[in-house]
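A short write-up of the structure that comes next.
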Amino acid sequence: MIDKKTLEEHNLTPEEYQRIVELIGREPNLTELGIFSLMWSEHCSYKSSKIHLKKLPTTGPQVIQGPGENAGVIDLGEDLAAVFKIESHNHPSFIEPYQGAATGVGGILRDIFTMGARPIALLDSLRFGPLDQTANRVIMEGVVSGISGYGNSIGVPTVGGEVYFHPCYSLNPLVNVFCLGLAPKDKIFYARAGRPGNPVLYVGAKTGRDGIHGATMASAEFDENLEKKRPNVQVGDPFKEKLLLEACLEAMAQGLIIGIQDMGAAGLTCSTTEMAAKSGTGIEINLDLVPQREEGMTPYEIMLSESQERMLLVTTEEKVGQVQAIFAKWDLDAVVIGRVIEGKNLKVWFKGELVVDVPVEAVVNLCPVYHRPWKEPTERGQQILKELPSHPSDFNRVFRQLLASPTIADKEWVFRQYDHMVQINTVFLPGADAAVLRIKGTPQALAVTLDGNSAYCYFNPREGGKIAVAEACRNLACVGARPLGVTNCLNFGNPEKPEIMWEFKEVVEGMAEACRNFNLPITGGNVSFYNETEGNPIYPTPVVGVVGLIDDLKKALRPGFQNQGDLIYLLGPWGESLGASLYLREIVGQEKGPAPRVDLHLEKKIQEFCLEAIHQELLHSAHDISEGGLAVCLAECCFHSESFLGARIALPPEPRPDIALFNEDQSRLIVSLSPEKEKTFLQLAETKEIPLTHLGEVTGQAITITQAGQIIIDLSVAEAYQIWKTSLPNFFKIKS
């Protein structure tokens with residue numbers, strides 16, 4: 001009989017346990033309980049999020065594979081497909097920053113090559129607490145080292161991403177990792193077991209005791225007992241992963257594999273049950289045959305281990321020898337540990353005894369689905385900016401402060417640790433609006449970006465969800481790419497709290513509305529709940545990854561100003577609110593709403609106009625206005641200029657200068673163009689009914705901003721650049 005303490009240790013409620021008993025027709029043994037504990041965890045089952053995720057659009061003519069597989073697949077035309085997904089490794093990265101981040105990279109890579117695609121790029125979205133706290137610096141250094149250590153070793157470039165800082169991420173870091181791969185679209189592989197009698201092979205690294213109950217750990221808050229969870233973190237080996245990648249792709253290319261599944265979260269448990277459930281079959285394995293690197297492992301430990309660099313694959317009897325020969329060539333285990341069987345049960349043998357006999361459908365698909373209660377929090381209404389503070393007397397000082405803010409400052413300290421040029425597909429270095437990757441042998445390129453603003457989502461989750469999608473698409477438009485598909489990583493606190501569930505519901509509905517507006521399918525993703533430590537939740541943080549296509553790489557646009565004398569235009573409205581802005585938080589010292597709102601109709605028009613202007617080769621640069629507002633965007637356009645060109649612009653009489661410079665209203669870009677192209681540009685804007693304003697021109701080496709003839713900001717590009725460039729590394733050189 002399973003007692004109450006054992007249930008609590010497995011993060012199962014008495015009601016869930018009773019459901020397990022009903023589904024299998026008896027009391028489970030401890031190994032079976034462990035299997036249900038993993039597969040019914042929030043991390044694996046999505047039991048609190050399923051009802052809301054169904055609101056997201058997931059289909060479209062370009063979708064080859066939507067949610068439900070290891071990764072989504074989008075048709076790129078001709079015979080090529082893009083395979084991509086984003087996953088979180090938040091909890092492990094808090095407990096063990098290096099290994100937590102490293103195995104997050106390893107896991108997302110396996111999701112991609114399991115589908116038959118060769119990974120060509122990684123991006124990451126990282127969130128940390130303020131860097132003046134030692135604990136946050138230690139976590140950040142470990143995470144960045146873990147990402148670089150794994151990605152660099154396996155030879156997949158990290159080409160972009162984002163790094164944000166906010167007090168809500170102190171002791172609650174977020175590590176979301178995105179991977180993109182390419183595959184022939186007629187050679188996509190799925191987690192299918194095929195017909196009864198097919199051999200089931202264990203391939204890759206040996207099984208150890210690391211990572212046991214990792215998925216369960218990721219489905220609970222943290223408290224003062226953090227150290228006890230350290231054994232739940234997996235240990236990665238990127239060199240073993242490289243061998244596994246090459247062996248799998250070689251076996252796939254030779255047509256030797258029927259189905260394949262990564263042993264990720266929930267390890268052998270997940271891979272066996274999911275493959276069988278998707279095929280409507282049973283599966284039988286013998287744990288005595290599982291390669292093990294530790295002695296005396298029990299069935300419970302073998303089934304629940306999340307040791308890295310392992311796969312389960314299915315082939316036919318006559319191809320077993322060929323598969324084993326390929327894996328032997330790459331110095332990897334490839335052992336037949338079982339077979340696909342008639343019926344619909346998972347049967348596990350150990351030392352001649354049947355130790356597990358449960359219906360795969362019960363494990364995979366019959367977990368309780370919760371309609372968690374939700375409630376709008378009342379305190380958000382008390383955090384709305386009622387009266388604007390008086391504007392600063394020294395805008396140069398404010399400008400310097402914003403450029404030095406870790407969220408705005410140059411992230412070279414981070415990305416210089418990554419190899420972003422390996423595979424020689426990278427066209428734009430990290431720091432552009434989107435990463436751009438050439439598709440070798442074609443004139444086309446892929447563009448990828450990650451976006452999400454948690455402050456907006458805190459003050460207005462629905463609007464924040466819309467903005468996450470809109471901004472990602474806007475970043476693609478700036479480089480000349482049309483969006484094709486979306487993956488998302490939804491990071492929230494404890495879903496058992498009604499206020500958190502309200503945040504989640506609102507964000508998902510906002511994302512769904514924006515995706516429908518852009519005719520964009522969501523092809524998969526990840527939900528990460530329970531991002532709380534000692535009762536303190538993170539802000540709602542949806543991270544959106546969008547993949548787009550550039551038809552002609554030669555026309556791809558960069559954010560930096562190109563030529564002195566070029567005209568500078570603002571596309572979109574001026575904006576009128578400082579709510580939820582970085583300026584309000586970091587300069588005024590108030591974090592208040594309301595969040596910006598986005599007009600999705602206008603947003604789409606402006607993005608389509610930008611794409612058309614790029615197609616007609618009217619623009620020399622384009623850059624999205626986001627955190628820090630117009631002033632920061634202008635500075636970045638100067639910093640990304642090869643000659644450190646400056647800008648001279650004039651603000652209109654209204655709004656007041658701090659609002660004009662630092663508001664973060666949406667649907668806005670700064671573009672530059674030659675005077676010779678201005679007439680055609682303006683005609684196109686009039687035809688498309690695009691609001692725009694002539695701001696000024698690209699000049700020498702200074703950023704000069706005036707209003708009503710008065711100089712508001714006057715700073716040399718060299719001084720501004722030095723502040724922006726050195727702020728982040730200074731935290732680690734001086735304060736560590």
Side-chain angles (χ1 to χ4, degrees), residues 46 49-50 52-86 111-112 115-117 123 178-190 278 434 437 439 442 444-452 465-477 479-490 507-527 542-551 598 600-601 603-608 610-612 615:
Y46 294 81
S49 58
K50 275 183 179 177
H52 299 292
L53 295 177
K54 290 178 180 178
K55 302 169 186 175
L56 297 169
T58 58
T59 59
Q62 70 272 46
V63 177
I64 296 174
Q65 175 62 53
E69 275 289 339
N70 289 290
V73 185
I74 291 291
D75 190 344
L76 296 177
E78 300 299 328
D79 64 346
L80 204 59
V83 181
F84 58 96
K85 193 182 182 184
I86 188 170
D111 282 340
I112 301 307
M115 303 292 293
L123 292 87
F178 169 101
C179 187
L180 169 70
L182 291 177
K185 67 183 180 185
D186 60 345
K187 292 183 180 178
I188 305 297
F189 288 82
Y190 302 94
K278 289 176 180 178
L437 300 147
I439 303 175
T442 79
Q444 298 177 314
L446 289 171
V448 195
T449 188
L450 300 181
D451 281 291
K466 292 181 195 175
I467 290 172
V469 176
E471 184 178 355
C473 293
R474 194 183 318 139
N475 280 324
L476 292 190
V479 300
R482 294 188 178 276
L484 293 176
V486 184
T487 182
N488 60 68
C489 200
L490 308 178
V507 163
V508 169
E509 290 176 1
M511 290 175 58
E513 182 180 345
C515 285
R516 286 192 292 269
N517 178 74
F518 292 106
N519 297 315
L520 265 182
I522 287 183
T523 63
N526 174 230
V527 176
V543 176
V544 172
V546 182
V547 176
L549 186 66
I550 300 172
D551 290 326
V598 60
L600 291 175
H601 176 68
E603 180 75 50
K604 189 174 182 180
K605 280 177 56 177
I606 286 175
Q607 290 183 25
E608 289 177 346
C610 181
L611 287 169
E612 181 61 27
H615 175 71

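The two atoms that bring A434 and A447 nearest to each other are CB-CB, 4.4 Å, heavy atoms only. What you find for A472 and V546 is that their closest heavy atoms are CB-CG2, 3.5 Å. Nearest heavy-atom pair, L484 versus P521, reported as atom, atom and distance to 0.1 Å: O-CD, 3.4 Å. Closest of all the heavy-atom pairs between S49 and V527 is OG-CG2, 3.8 Å. Annotation for I550 and G480: closest pair CG1-O, 3.7 Å, computed over non-hydrogen atoms. Closest of all the heavy-atom pairs between F178 and L180 is CE2-CB, 3.7 Å.
Annotation: K187, atom NZ; neighbour count of heavy atoms from other residues, nucleotides and ligands within 6.0 Å does not exceed 12. Under a cut-off of 6.0 angstrom, the local environment of NZ in K54 is sparse, with at most 12 non-hydrogen atoms contributed by other residues, nucleotides or ligands.
Side chain of K278 to backbone of E69: no donor-acceptor contact under 3.5 angstrom is found. Between the side chain of K604 and the main chain of N517, a donor-acceptor pair closer than 3.5 Å is present. Of the possible polar contacts, one joining the Q607 side chain to the A470 backbone as a donor-acceptor pair under 3.5 Å is found.
Atom CG in L56 sits 9.5 Å away from atom CD in E509 (nearest 0.5 Å). Here CG of L611 is found 5.0 Å from CZ of R482. Values are rounded to the nearest 0.5 Å. Between M115 atom CE and Q65 atom CD the span is 5.5 Å, to the nearest 0.5 Å. Distance check: Q444 CD to L76 CG gives 7.5 Å after rounding to the nearest 0.5 Å. Rounding to the nearest 0.5 angstrom, the gap separating the CG atom in N519 from the CZ atom in R516 is 11.0 Å. Atom-to-atom distance recorded for E603:CD and I467:CD1 is 9.0 Å, nearest 0.5 angstrom.
T449 is not listed as a side-chain neighbour of V479, based on a closest heavy-atom distance of 4.5 Å or more. Inter-residue side-chain proximity for P542 and L490 is flagged as met; some heavy-atom pair is nearer than 4.5 Å. Between E608 and E612, every side-chain heavy-atom pair lies at or beyond the 4.5 Å cut-off. Side-chain atoms of N70 and F189, non-hydrogen and from C-beta on, never get closer than 4.5 Å to each other. Residues V507 and M511 form a side-chain contact, since some pair of their non-hydrogen atoms from C-beta on lies under 4.5 Å apart. Considering only heavy atoms from C-beta on, L80 comes within 4.5 Å of L182 through its side chain. Residues L446 and L549 form a side-chain contact, since some pair of their non-hydrogen atoms from C-beta on lies under 4.5 Å apart.
Sorted by first and then second residue, the salt bridge (Lys or Arg N to Asp or Glu O under 4.0 Å) pairs involving residues 73-84 (not counting sequence neighbours) are D75-K185.
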For I74 and V63, what are the C-alpha separation, side-chain angles and deciding distance, and is it a side-chain contact (heavy atoms from CB on, under 4.5 Å)?
CA-CA 5 Å; I74 291 291; V63 177; 4.0 Å; yes
Set out, in order, the CA-CA distance, both residues' side-chain angles and the distance that settles side-chain contact (heavy atoms from CB on, under 4.5 Å) for Y46 and N526, then state yes or no.
CA-CA 9 Å; Y46 294 81; N526 174 230; 3.5 Å; yes
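When the options I86, V544, L450 are evaluated for a side chain to side chain contact (heavy atoms under 4.5 Å, CB included) with C489, the one that passes is I86. The side chain to side chain contact (heavy atoms under 4.5 Å, CB included) test with I64 singles out one residue from T523, V83, V73, and that residue is V73.
Residues that satisfy the side-chain hydrogen bond (donor to acceptor under 3.5 Å, both in side chains) test with E471, not counting sequence neighbours, are absent from this structure.
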